[in-house]
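Have a look at the structure below, then the notes.
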Amino acid sequence: MRFYPYDFQYKVKEGKVYVYLYSKDEEGKKICVVQEHPPFFYAAVKGIKAEELAKQLSGLSVEDKQSSQPAKVLRWEEAEKELIGKNEAFWKIYVNYPKAVPLIAKELQERGLVTYEKDILFIHRYLRDIGIVPMTLCEAEGELITSSRFNIKIPVFMAQEIKQVSDKTTNWDILALDIETYAKNKEINPQINPILMIAFYGIKEGKKFKKVLTWKEFKNGVDYLEVVKDEKELLERTKEVIAEFSPDILTGYFSDGFDLPYIKTRAEKLGVRLTLGLDNSELETRNKVSFRDGEAKITGIMHLDVLKFIKNIFWGNLKTDTYTLDAVAGELLGYKKHDVDLNKLAEYWDNGDDELETFVEYNLQDSRLTYQLFVKLMPSIYEFTTLVGLPAYDVIRMRFSRLVESYILRRAMEFNVIAPNKPGGTEMEQRMQESVQGAFVFEPEPGLYQDVVIFDFRSLYPTIITAHNLGPEALQCKCCQGKTNVPGKEEYWFCEKKKFLPGVLEDLIIRRTDLKKEIKNLKGAGKDTKFEEARSYTLKILANSFYGYLGFFGARWYCLECAASTTAYARDYIKKTIAKAEERGFKVIYADTDSCFLLLGDKKLEEALHFMDEVNIKLPGQMELEYEGYFKRGIFVALKGSEKGAKKKYALIDKEGKMKITGFEVVRRNWSSLAKEVQEKVLRLVLEGQEDKVLDYVRKIVKELQAGKVEMKKLVIRTQITRELSQYKSIGPHVLVARRMVERGDVVVPGLVVEYVITKGKGLVRERAKLVEEAKEYDANYYINNQILPAVSSIMAVLGYSEEELASDEKQTGLGSFFG
DNA sequence: TACGGGCGGGG
DNA sequence: GTGTACGCCCGTA
């Protein structure tokens with residue numbers, strides 16, 4: 001029997017532990033493969049008499065209040081395993097059910113034994129034990145069960161043996177869901193307010209599926225709308241729609257924290273049992289620490305919340321820093337949510353207004369966006385799942401530390417390595433106090449530069465860790481003492497024999513290097529490389545996470561010495577690169593962590609590339625200095641009120657006129673769009689060699705401001721209300737504006753973004769802050785001195801206009817009178 | 001500059 | 001569910 005398992009659970013039946021693998025078979029039908037698997041953990045037995053230990057273990061049982069039976073030791077066997085580089089003796093201790101593991105382990109711990117691997121999820125342990133990878137092709141030997149012994153909606157196959165066949169996968173049926181709720185005055189409360197609509201969007205067997213359910217009649221021309229009697233029926237239909245579509249993957253946007261918990265709460269209130277699970281279990285929601293950590297699980301269906309994956313894993317690929325569906329869809333898909341006024345929904349609902357049709361379309365659009373986002377992210381989700389080898393449900397809900405650790409745990413099985421224990425409370429507190437010295441950043445000299453060439457080390461930290469074997473097993477070994485010490489950290493040295501952790505990392509790097517070649521070939525042959533590219537990205541960020549993992553306080557393989565040595569080597573390499581460049585006659589103007597900026601001067605690009613080759617010949621392992629690019633011009637500015645060059649703040653322009661801007665505040669939200677526009681334009685003029693035009697340009701803007709010709713909307717400043725208005729101790733402009741909004745009857749709740757303009761008149765700035773529609777005349781001087789000047793002064797200082805010149809002249813008018 | 005509190009996503 | 005674990009930004013002291 002061949003199948004693709006995708007969701008997993010275990011059950012204890014008649015004293016035996018069974019794993020249920022919800023799977024698709026090769027025809028695309030669902031099947032549940034069941035296999036027995038024993039729970040176990042390890043105990044270190046070095047220096048303990050075997051008979052003594054056997055006496056302790058035999059017949060050991062611990063009372064379990066949660067269970068009808070006590071936790072029991074069933075049997076044990078000897079096992080030699082490697083712990084932090086040393087082979088040691090352990091006993092593998094089998095118990096009667098998964099939850100017995102921590103109970104028995106705790107008991108033994110209290111009796112003075114040291115126990116290991118007692119806090120690994122049983123399903124995770126199982127997948128690693130038998131060496132299968134979710135969502136890929138497996139094979140089982142066994143038989144179909146015909147009896148109804150199992151209360152399962154799909155056929156059950158009892159397996160004696162299961163093994164991995166290949167990394168082939170299959171098609172997955174995906175259904176996206178989105179709800180709209182009654183929310184008068186933005187009140188989002190499932191205890192009070194009903195669900196008004198539910199939208200579904202999916203594709204099954206090549207056919208588009210779209211549906212919106214609602215329980216109000218109104219005139220409409222929407223063919224995918226289904227009107228039911230009431231909210232209760234809406235929930236019943238929801239259950240049916242999902243069951244009929246029978247998705248492998250159910251997706252939503254914040255559905256872990258909003259849609260599914262909301263549905264669950266309403267269902268409970270209305271007495272609807274949401275038995276969506278393939279084992280007839282109900283939709284399960286739980287809140288962890290807070291609402292934001294909630295999860296929603298359905299047995300036999302992968303519920304994958306797009307937002308979870310983005311916030312945990314994919315954020316590094318996005319420019320946006322707000323993860324609203326609108327922003328994320330806009331960036332990844334290029335189109336957005338429908339523009340409706342959500343505050344009107346409740347009102348229309350109460351009146352049964354025909355306008356409700358626009359909300360039906362809005363609702364469907366959200367589910368469509370969610371579906372399309374999911375499809376777009378699917379290659380990445382799939383690659384993380386198969387690389388880490390755990391269920392997709394778990395993987396998308398992990399942060400990098402746990403992804404890395406899960407990956408290492410799987411590899412540990414292959415190398416007979418036992419996992420070190422997680423730190424306890426005090427150990428962790430101590431670790432949280434510790435930190436390591438970071439990267440080297442070269443202090444640039446403020447100025448304008450020409451012919452800038454940038455080199456950078458490809459995956460610097462991972463390649464340092466593998467090239468120098470920076471793993472906990474290799475730290476300060478006896479055999480290599482006195483050979484090579486870490487530069488600048490002479491108290492550390494690392495064994496020259498390749499060890500487990502750096503080896504695991506090296507595999508990731510090599511796999512990626514090979515994959516990149518393959519991608520090149522595939523592309524050359526005109527093939528689609530979506531999944532290969534997702535895999536390459538996955539390998540890269542997992543490798544990049546190892547450094548952080550080594551210094552992460554909760555890590556099993558924590559090694560602060562390794563993390564400190566990684567940055568120490570990095571500082572050494574970049575400084576040596578700088579020295580070498582200078583030796584070859586290049587002026588180095590900047591460097592940060594793994595990059596080095598130099599000036600060509602009177603040399604050719606070929607000579608710079610030759611310098612790079614010279615560096616590369618001497619680099620160990622996978623380390624490599626790469627050519628990042630050539631830039632016509634670049635500008636580095638000074639720190640405010642200082643001669644010193646600002647780090648991580650510069651702008652460059654390439655031959656095609658494309659600007660690379662780093663660190664300039666153009667993106668900050670509480671700046672007017674005018675300030676952003678002026679800053680960007682000034683940078684462009686400077687970098688395009690038209691610095692003589694800068695003064696005229698800024699003058700022009702200043703004049704326009706003074707003449708009152710600038711559009712109001714370019715002067716709008718946005719600030720968020722973050723608490724109840726009465727709670728503010730310091731009254732900023734936005735608070736006063738919000739108070740007036742309340743007076744005129746607007747709903748002001750925390751989260752509202754107030755948009756205001758500073759106007760002419762007497763008094764404090766905050767007293768002159770007005771809503772756009774209230775504002776008659778903006779305060780030109782405010783915008784000149786508080787928006788334009790700060791945005792351009794550091795850039796103009798490089799051109800020789802001093803801060804005093806710009807600002808001092810006359811205090812009241814400042815820049816205005818200077819430029820005037 | 002150090003610390004504590006609140007936010008995020010969703011309607 | 002054999003699982004403890006949020007991290008960043010803002011405002012205030």
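To find a chain, count down the sequence lines: A is the first, B the second, and so on, and within it residues start at 1.
- Nearest to the side chain of A:Asp178, among B:dG11, C:dA5, B:dG9, sits B:dG11.
- One N or O donor and one acceptor, one from the side chain of A:Asn343 and one from the base of B:dG11, sit under 3.5 Å apart.
- Contact annotation: A:Arg399 side-chain N/O to C:dA5 OP1/OP2 distance is not under 4.0 Å.
- Looking at residues two or more places apart in sequence or on another chain, you find a ring-ring contact (aromatic ring centres under 6.0 Å, His included) between A:Tyr6 and A:Trp172.
- Against DNA chain C, the stretch residues 13-22 of chain A makes no heavy-atom approach under 4.0 Å.
- For the segment residues 69-77 of chain A, the set of residues with a heavy atom within less than 4.0 Å of an atom of DNA chain C is empty.
- Contacts of A:Ser545 classified as side chain to side chain contact (heavy atoms under 4.5 Å, CB included), with partners at least two apart in sequence or in another chain: A:Phe400, A:Val404.
- Comparing B:dG9, B:dG11, C:dT4 against the side chain of A:Tyr323 picks out B:dG9 as the nearest.
- For C:dG11, the base adopts the anti conformation, since its glycosidic angle falls more than 90 degrees from zero.
- Under the rule for a side chain to side chain contact (heavy atoms under 4.5 Å, CB included), the partners of A:Phe552 that lie at least two apart in sequence or sit in another chain are A:Ser401, A:Ala555.
- Among the nucleotides B:dG9, B:dG11, C:dG1, the one closest to any side-chain atom of A:Thr322 is B:dG9.
- Between A:Tyr126 atom OH and C:dG1 atom P there is a gap of 18 Å when expressed in whole angstrom units.
- Within the 4.0 Å cut-off from OP1 or OP2 of B:dC7, not a single side-chain nitrogen or oxygen of A:Lys311 is found.
- In this structure, A:Lys118 forms no cation-pi arrangement with A:Phe41, as its terminal cationic atom is not both closer than 6.0 Å to the ring centre and no more than 45° off the ring axis.
- Not a single side-chain hydrogen bond (donor to acceptor under 3.5 Å, both in side chains) links A:Asp339 to another residue, sequence neighbours left out.
- The nucleotide whose nearest atom lies closest to any side-chain atom of A:Tyr362 is, among B:dG10, C:dA5, B:dG11, B:dG11.
- If you check every strand for non-hydrogen atoms under 4.0 Å, A:Phe553 touches nothing.
- Closest contact between the side chain of A:Glu180 and the listed nucleotides B:dG11, B:dG9, C:dG1 involves B:dG11.
- Judged as a side chain to side chain contact (heavy atoms under 4.5 Å, CB included), and not counting sequence neighbours, A:Glu429 has no contacts.
- The ring-ring contact (aromatic ring centres under 6.0 Å, His included) check on A:Tyr262 picks up A:Phe258, with sequence neighbours excluded.
- Not counting sequence neighbours, A:Gln433 has no partner by the side chain to side chain contact (heavy atoms under 4.5 Å, CB included) test.
- With sequence neighbours excluded, no residue forms a salt bridge (Lys or Arg N to Asp or Glu O under 4.0 Å) with A:Lys376.
- Across the protein-nucleic acid pair, A:Ile310 atom CD1 and B:dG8 atom P stand 17 Å apart, rounded to whole Å.
- The aromatic ring centroids of A:Tyr10 and A:Tyr126 lie 6.0 Å or more from each other.
- The closest side-chain donor-acceptor pair between A:Gln372 and A:Tyr335 falls under 3.5 angstrom.
- When the C1' atom is used for both B:dG11 and C:dA5, the distance is 31 Å, rounded to whole Å.
- In terms of the salt bridge (Lys or Arg N to Asp or Glu O under 4.0 Å) criterion, residue partners of A:Lys11 (sequence neighbours excluded) are, by chain and number, A:Asp279.
- The NZ-P distance, from A:Lys118 to C:dG1, rounds to 19 Å in whole Å.
- Here the nucleotide nearest the side chain of A:Leu121, chosen from B:dG11, C:dG1, B:dG9, is C:dG1.
- Annotated stems with DNA chain B as a participant read B:1-8 with C:6-13, given as range with range, by first number; only runs of 3 or more Watson-Crick or G-U pairs under 3.5 Å qualify.
- Contact annotation for A:Tyr97: no contact, since no heavy-atom pair falls under 4.0 Å across all strands.
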